[in-house]
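To start, the structure itself, in structure tokens.
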Amino acid sequence: MTKKDRYQFVIQYFLDHTPEAETELVYDNPFQLLVSVILSAQCTDKRVNMTTPALFAQYPDAASLSKAGFDDLLPLVKSISYPNNKAKHLIGMANMVISEFGGIIPMTVDELVKLPGVGRKTANVITSVIDNQPNMAVDTHVFRVSHRIGLVSSRAKTPYAVEKELVKYIPEHYVHKAHHWLILHGRYICVARQPKCFECGIRPVCKFFKKNVKE
DNA sequence: ATCCCGAGGG
DNA sequence: CCCTCTGGAT
């Protein structure tokens, strides 16, 4: 079982089973997706989707959000992890979008990471989902699943190291899909605690299964 | 007690 | 590299 064989099996498995995988965040435009992804840090997508309708009703675009007062915005994100940081980041992000990018959400990783509250993972999500750029966002799920299956070296200790290995082996036109495949697999099958290995079709090539689970 | 589509700062 | 931020679900 070479690494190439493992990738081929995994890609074919997802193509056969969940070819339609996409983000579960609810959004209508790049601004809304950016806000949602910023809010999603250490928080479930379901909870983000519960809070964003009221948020977008009051602040539908970067212009309105840039003028938001911290004390007005805070209650709208209070049920999310790190509400103080995120409220501050959202207002700062909106201000920079207006002042530096003419009110348009930039669509390169280098520009996006300049925005407050936007790191490499968020920038990769935006450019991949909105613009189909072959950028692999490595979140907690992608990190865990990639290591468990054996898609990346155990020496890949950081999300960036995992990202570089994944994009090296995944064909460019599958990178966008592969992000969502690994996310959703991690969310529903290869969960952090007690992964559901016997519901998982990837177990024939999975290092974790071979090492820790006996049939 | 641990985890959820992380980022910023030291 | 480390730490802090910090609500809700399981």
Side-chain angles (χ1 to χ4, degrees), chain A residues 14 18 20-27 30-52 54-55 70 73-97 106 109-149 151-152 155-163 166-167 170 175-196 208:
Chain A
F14 285 124
T18 53
E20 76 294 348
E22 275 299 336
T23 180
E24 294 185 339
L25 292 169
V26 179
Y27 68 100
F31 167 78
Q32 291 190 358
L33 180 64
L34 180 55
V35 171
S36 295
V37 177
I38 290 172
L39 291 177
S40 71
Q42 295 298 298
C43 182
T44 60
D45 282 7
K46 283 182 182 175
R47 178 140 296 277
V48 173
N49 290 333
M50 288 169 62
T51 66
T52 46
L55 185 61
F70 179 83
L73 183 57
L74 186 59
L76 292 171
V77 297
K78 193 62 182 173
S79 67
I80 305 263
S81 305
Y82 318 134
N84 288 288
N85 283 345
K86 286 173 180 175
K88 186 174 65 181
H89 289 157
L90 287 180
I91 295 171
M93 175 277 285
N95 271 290
M96 190 178 288
V97 167
V109 170
D110 287 345
E111 290 174 310
L112 281 164
V113 295
K114 294 177 183 170
L115 299 171
V118 179
R120 185 172 184 84
K121 178 255 167 179
T122 299
N124 281 338
V125 171
I126 301 300
T127 54
S128 172
V129 172
I130 299 293
D131 198 36
N132 200 28
Q133 295 174 33
N135 299 332
M136 190 71 188
V138 178
D139 71 334
T140 181
H141 295 302
V142 174
F143 190 89
R144 179 183 66 251
V145 172
S146 298
H147 273 112
R148 275 203 186 136
I149 297 174
L151 294 178
V152 299
R155 292 173 308 220
K157 301 286 189 189
T158 66
Y160 185 52
V162 170
E163 174 189 331
L166 290 176
V167 296
I170 299 172
V175 169
H176 169 87
K177 275 293 175 189
H179 166 68
H180 297 295
W181 286 336
L182 295 175
I183 289 262
L184 295 177
H185 192 65
R187 188 175 297 164
Y188 297 113
I189 302 293
C190 195
V191 294
R193 290 176 286 199
Q194 297 183 300
K196 303 169 183 176
F208 177 88

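Note on naming: letters A, B, ... go to the chains in the order of the sequence lines (proteins, then strands), and numbering restarts at 1 for each one.
Within residues 128-147 of chain A, the residues approached by DNA chain B to less than 4.0 Å at the level of any non-hydrogen atom are A/Asp139, A/Thr140, A/His141, A/Arg144, in residue-number order. Within residues 112-120 of chain A, no residue has any heavy atom closer than 4.0 Å to DNA chain C.
Every residue two or more places apart in sequence or in another chain that forms a side chain to side chain contact (heavy atoms under 4.5 Å, CB included) with A/Thr51 is listed here: A/Leu39, A/Ser79, A/Ile80. For A/His141, there are no ring-ring contact (aromatic ring centres under 6.0 Å, His included) partners, not counting sequence neighbours. A/Thr44 is linked by a side-chain hydrogen bond (donor to acceptor under 3.5 Å, both in side chains) to nothing, counting only residues two or more places apart in sequence or in another chain. Residues forming a ring-ring contact (aromatic ring centres under 6.0 Å, His included) with A/Phe208 (at least two apart in sequence, or on another chain): none. Remark: A/Gln42 engages no residue in a side-chain hydrogen bond (donor to acceptor under 3.5 Å, both in side chains) (not counting sequence neighbours).
Taking atom P on both C/dC2 and B/dC5, the two are 24 Å apart, rounded to the nearest angstrom. One P atom belongs to C/dC3, the other to B/dT2, and the distance between them is 16 Å to the nearest Å.
Sorted by first and then second residue, the salt bridge (charged side-chain N to carboxylate O under 4.0 Å, His left out) pairs with a member in residues 32-46 of chain A read A/Asp45-A/Arg187; sequence neighbours excluded. Listed by first and then second residue, the salt bridge (charged side-chain N to carboxylate O under 4.0 Å, His left out) pairs involving residues 83-96 of chain A amount to none (not counting sequence neighbours).
Between A/Ser146 and A/Leu182 there is a side-chain heavy-atom pair separated by less than 4.5 Å.
When DNA chain B is scanned 5' to 3' for any atom under 4.0 Å from a heavy atom of chain A, the first and last hits are B/dT2 to B/dG8.
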Step by step, would you call A/Asn135 with A/Val175 a side chain to side chain contact (heavy atoms under 4.5 Å, CB included)? CA-CA 7 Å; A/Asn135 299 332; A/Val175 169; 5.8 Å; no

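Shortest non-hydrogen contact noted between A/Val167 and A/Pro134 is CG1-O, 4.4 Å.
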Please write out the pairs of protein N or O atoms and N or O atoms of nucleotides 6-10 of chain C separated by less than 3.5 Å, giving the distance to one decimal.
residue: C/dT6; atom: OP1; partner: A/Asn84; partner atom: ND2; Å: 2.4
residue: C/dG7; atom: O4'; partner: A/Ile80; partner atom: O; Å: 3.4
residue: C/dG7; atom: N1; partner: A/Ser81; partner atom: OG; Å: 3.1
residue: C/dG7; atom: N2; partner: A/Ser81; partner atom: OG; Å: 3.1
residue: C/dG7; atom: N3; partner: A/Ser81; partner atom: OG; Å: 3.2
residue: C/dG8; atom: O3'; partner: A/Arg47; partner atom: NH2; Å: 3.3
residue: C/dA9; atom: OP1; partner: A/Arg47; partner atom: NH2; Å: 3.1

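In this pair, A/Phe14 and A/His185 present their aromatic rings perpendicular. The plane angle is above 60°, beyond the 30 to 60° band.
Of the possible polar contacts, one joining the A/His179 side chain to the A/Ala137 backbone as a donor-acceptor pair under 3.5 Å is found.
Base contact: A/Val125 has a heavy atom under 4.0 Å from a base atom. Backbone-only engagement by A/Thr122 is indicated by non-hydrogen atom pairs under 4.0 Å involving sugar-phosphate atoms exclusively. A/His89 comes within contact range of the sugar-phosphate backbone alone, with a heavy-atom separation under 4.0 Å but no base atom that close.
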With a 3.5 Å cut-off and sequence neighbours excluded, list the donor-acceptor pairs that the side chains of residues 110-121 of chain A form with protein atoms.
residue: A/Glu111; atom: OE1; partner: A/Thr108; partner atom: OG1; Å: 2.9
residue: A/Arg120; atom: NE; partner: A/Glu163; partner atom: OE1; Å: 2.8
residue: A/Arg120; atom: NE; partner: A/Glu163; partner atom: OE2; Å: 3.2
residue: A/Arg120; atom: NH2; partner: A/Glu163; partner atom: OE2; Å: 2.7

